[in-house]
Structure formats: structure tokens, C-alpha cells
Amino acid sequence: MATSPLLLEAASRNQVLIERLKSGEVEKIQPYLKEIDRVVRLQLSEETLTSYTRNRLEVLLAQIDGLILGIYQRYVDALDLVSIAEYEAAFEARSLDKVLVNISAIVPTLPAIRAAIYSQPLQVTGADGGKLLKPFMADWTNTETKRVTGAIRKGYTQGQTNQQIIQAIRGTKAANYADGLLATSKRTAEAVVRTAVQHVAMTARMETLQSNADVVNGYEWVSTLDGRTSSQCRSLDGRVFKMGKGPVPPIHIRCRSSITPSLDARFDYLKEDATRASKGGPVSADTTYYEWLKRQPAAFQDAAIGPTRGALFRNGGLSAERFAELQLDRNFKPLDLDEMRRLEPLAFEKAGI
């Protein structure tokens, strides 16, 4: 299989733009959080909750629940994830057109793209793994809504004043409102929205690759070369998978990894000198994460992968490729140090660990 450096460069540049897009989409939630703040203050502006019966409190909470859930739903609707997916599917086709000779890449139809982003489960680890996009977003909005109503119920049980409850939700001016529940909701929104955008972008691009199966027979995993890349993505960088036989980003919440097409042998001539972006400047396009990390100072290595793994990486006599293999199991889940030691005891001994 041939991976064109030009396609790799295009995928890396596109991922930078996706990250900017994510930041913009996250910032859009601020007016909605302010609206939630106003709703809560309005609903708690009359009698103190200590005068409420339990039944009356539950009626109030149900009303607040519906109002907040509606606000979050309007934010989700404004994200327009389908348009993002449509753009990414077309981007992948345009990238293919730049390297294919006498062949025009096929762009999947909008119904096919829409069906793909809603029917393909998220491959993230943890409780959200395997969820479809709509339940993933719905669970988030429900959780954030219950976070607010739960704070009100807790304040009522503890005999707090309405103002104390409001302060717990919106935060204090002294802390620039960063200590309230709504600040937590914004941080959670960042994680969810970044993950959702990555899911629709990568799923749509995979749909384009599948639509061009006559020239595309796989895809290469492309990770970000910096100190914030996760252990899973570090180890997957540069690996090539047959279509439908490997993981697809996002593999964890806030995943920044991308993909690039792997073409059949007819296009081996496309392999030529090229670069990919990294922290510190461009490097050769065929450089994997751990090959790049080998060139970084020890302090940076320890910050990126931890001091114990850093010592093993430098002193264990392992190649970058073998070290990457030791990080994940067959299901692409991270291995802990004990599991790694069982696979390479001599490397640990050589590194003095």
C-alpha cells in the first residue's frame, strides 16, 4: 500500500483547521450558559426554597429541567455537525484528486454522509465508547441539566438560601465565576464538542475513502507530534489499516488524531520527499511519533510519556517501533508498566527499572 506524502501533508494541515473549528464551536456555548444562569436566577428569585414542600420543589425542578434542556438542545442544533461532515467528505475527495491521474474521486452523497455519522458508533474509550452520535450528545445535555437541578435539590436539603444555591451554580465574582457549576459545564462542553466534531469529520472522510475503494485500500493513522498526544495515539501514529479492520479517530475524548488514504500499489510513485508538522518544526513525512520523540530532550520525553517510560524509552535498548508496540494491546487499549514488563523484561532490566 502507498501513502502519498502529499495526502499526509493535506491531512495534517486540515487537522489544524479542524482544531480551530472546534475552538470556535466551543466558544458558541457561552451565550447559552448565560441564558441558563438567567433562567436559574429567575426561577429562584421569589420565595426561599426552605418554605417549599418536597412535592412543590420537585415541580419547580421539573420546570427548570425542561427549560435548561431546551437551551442545551438549541446549542446542539446550532452546531450543524452535518455541514462539517459534508465539508470533510468533500475535502478528502479534493485531496485524492490532487494525486490521482486521469481519475476523479467520488464524493459520497449527503444522505450517505448523514447516515454514516449517525450510524457509526464512537470508538472512544470509557463509558462513551460504542455510543452513537445522537445518544452521545443527548447524554451530555441530560447530565449537565441534572448537574444544575441536583445542586438546587442539594441546597434545599441542606437548608441553603436561594442566593447560596445560585452562587454555587454560577460561581463567585472573586474567582471570575470559574468556581461554579456552569464553568464545569463549559469544560465538559469543550470535551464533548471537540469529540463530536472529530467523530463526524473522520467518519465523513472514511465514507469518501470507502466510496473510492477502487484506488483506496486502507488508511494511515496520523497523530499530532507534540507533548499532549495520548498514549494510544502516540502508538498508533504511522500504522496502516485495511478498510474496516482498524480503529478510527476519535479513539478517546478530545482526540486530535487524523487519517490519510493508503492507495494501492499502482500509486507507489507518489512516495516522495515531504514533511509533516511537529512541535519544533517540520519533519520527514514518514517520521512516526516515537521516532520524533527519540530526537527530543529527556525532559520533554519524561513530560510526554512519564519518567518511568521515559527511562525505558532511552535506556531499554528498544527501537521506536518496538516501544510503540508495547504501549497497546490487541484491542488498542493502553498497557500498564507491569504488562509491558512481562513482554520485555530484559529491556526493563537494562534500563534499571
Side-chain angles (χ1 to χ4, degrees), residues 1-3 8 11 15 116 119-133 136 195 198-199 201-203 205-207 209-210 213 216-225 228-264 286-294 301 304-306 308-351 353:
M1 292 188 286
T3 300
L8 178 57
Q15 188 57 39
S119 65
Q120 293 296 321
L122 276 76
Q123 297 190 28
V124 299
T125 53
D128 292 315
K131 287 183 180 177
L132 299 180
L133 181 61
F136 175 66
T195 305
Q198 193 72 3
H199 169 74
M202 296 303 112
T203 302
R205 288 172 60 187
M206 287 293 290
E207 192 69 15
L209 301 190
Q210 291 167 350
V216 176
N217 55 15
Y219 61 95
E220 180 177 328
W221 186 284
V222 184
S223 298
T224 302
L225 301 183
R228 297 188 293 123
T229 300
S230 71
S231 61
Q232 289 171 290
C233 293
R234 291 194 298 259
S235 300
L236 287 168
D237 185 45
R239 293 184 62 172
V240 178
F241 300 96
K242 290 283 191 180
M243 300 300 293
K245 300 298 184 181
V248 177
I251 200 170
H252 58 80
I253 299 298
R254 292 191 180 92
C255 184
R256 299 175 296 149
S257 291
S258 183
I259 57 170
T260 190
S262 182
L263 309 178
D264 67 36
D286 60 2
T287 302
T288 64
Y289 187 92
Y290 284 111
E291 289 172 341
W292 170 78
L293 192 62
K294 282 277 189 183
Q301 294 172 353
I305 62 178
T308 302
R309 277 184 167 84
L312 179 66
F313 186 57
R314 289 187 295 275
N315 307 319
L318 299 170
S319 67
E321 181 180 9
R322 179 53 180 160
F323 189 85
E325 292 173 350
L326 287 175
Q327 306 307 304
L328 304 178
D329 64 15
R330 293 180 180 178
N331 296 315
F332 311 109
K333 300 297 188 296
L335 296 178
D336 60 32
L337 288 170
D338 288 337
E339 292 169 324
M340 292 170 60
R341 188 190 303 273
R342 285 194 288 271
L343 294 171
E344 285 285 357
L346 294 181
F348 277 79
E349 183 179 341
K350 184 175 181 179
I353 302 172

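The basis for the numbers below is simple: all heavy atoms, side chains too, and nothing from hydrogens, waters or symmetry mates. Since we're looking at a predicted model, the values are computed, not measured.
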Colleague: With side-chain contact (heavy atoms from CB on, under 4.5 Å) as the criterion, how do Leu122 and Asp128 come out once you've worked through the C-alpha distance, each side chain's angles and the decisive distance to 0.1 Å?
Modeller: CA-CA 7 Å; Leu122 276 76; Asp128 292 315; 5.6 Å; no

Colleague: For Ser257 and Trp221, which heavy atoms make the closest approach, and how far apart are they?
Modeller: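 That would be OG-NE1, 3.2 Å.
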
Colleague: Can you name the closest pair of heavy atoms from Leu209 and Pro261 and give their distance?
Modeller: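 Smallest interatomic distance, heavy atoms only, reads CD2-CG, 3.5 Å.
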
Colleague: Could you check whether any side-chain heavy atom of Cys255 comes within less than 4.5 Å of a side-chain heavy atom of Val124, counting everything from C-beta outward?
Modeller: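 No, their side chains stay 4.5 Å or more apart.
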
Colleague: With sequence neighbours excluded, tell me which residues meet ring-ring contact (aromatic ring centres under 6.0 Å, His included) with Phe348.
Modeller: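 Counting only residues at least two positions away or on another chain, Phe348 forms no ring-ring contact (aromatic ring centres under 6.0 Å, His included).
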
Colleague: Quick one: are Leu343 and Leu335 in side-chain contact, heavy atoms under 4.5 Å?
Modeller: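 With C-beta onward as the side chain, the pair touches.
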
Colleague: Rounded to the nearest 0.5 Å, what separation is found between the OG1 atom of Thr203 and the CD atom of Gln120?
Modeller: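 One finds 6.5 Å between OG1 of Thr203 and CD of Gln120.
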
Colleague: What closest approach, in Å, do Ser231 and Leu328 show between heavy atoms, and which atom pair accounts for it?
Modeller: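 Between these two residues, the closest heavy atoms are O-CD2, 4.4 Å.
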
Colleague: Mind jotting down which residue pairs meet the side chain to side chain donor-acceptor pair (under 3.5 Å) criterion with at least one end in residues 313-327? Sequence neighbours excluded, please.
Modeller: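 Qualifying pairs, neighbours excluded: Gln301-Arg314, Asp302-Arg314, Arg309-Gln327, Arg322-Glu325, Arg322-Glu344.
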
Colleague: Quick one: list whatever passes salt bridge (Lys or Arg N to Asp or Glu O under 4.0 Å) with Arg234, sequence neighbours left out.
Modeller: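 Once residues adjacent in sequence are excluded, Arg234 has no partner under the salt bridge (Lys or Arg N to Asp or Glu O under 4.0 Å) criterion.
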
Colleague: What's the spacing between Ser230 OG and Leu236 CG if we round to 0.5 Å?
Modeller: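 Separation between the atoms: 8.0 Å.
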
Colleague: Kindly indicate, with the supporting measurements, whether the criterion side-chain contact (heavy atoms from CB on, under 4.5 Å) is fulfilled by Phe241 and Ile259.
Modeller: CA-CA 10 Å; Phe241 300 96; Ile259 57 170; over 6 Å; no

Colleague: For atom CD of Glu339, is the number of surrounding heavy atoms from other residues, nucleotides or ligands below 6.0 Å larger than 12?
Modeller: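 More than 12 within 6.0 Å, yes.
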
Colleague: Could you check Arg239 against Phe332 for side-chain contact (heavy atoms from CB on, under 4.5 Å), going step by step and ending with a plain yes or no?
Modeller: CA-CA 12 Å; Arg239 293 184 62 172; Phe332 311 109; 3.9 Å; yes

Colleague: Are any of the side-chain heavy atoms of Val216 and Leu263 separated by less than 4.5 Å?
Modeller: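 The answer is yes, as the side chains (C-beta and beyond) meet within the 4.5 Å cut-off.
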
Colleague: Quick one: pull up NZ in Lys294 and OG1 in Thr287 and give me the separation to the nearest 0.5 Å.
Modeller: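 One gets 14.0 Å once the value is rounded to the nearest 0.5 Å.
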
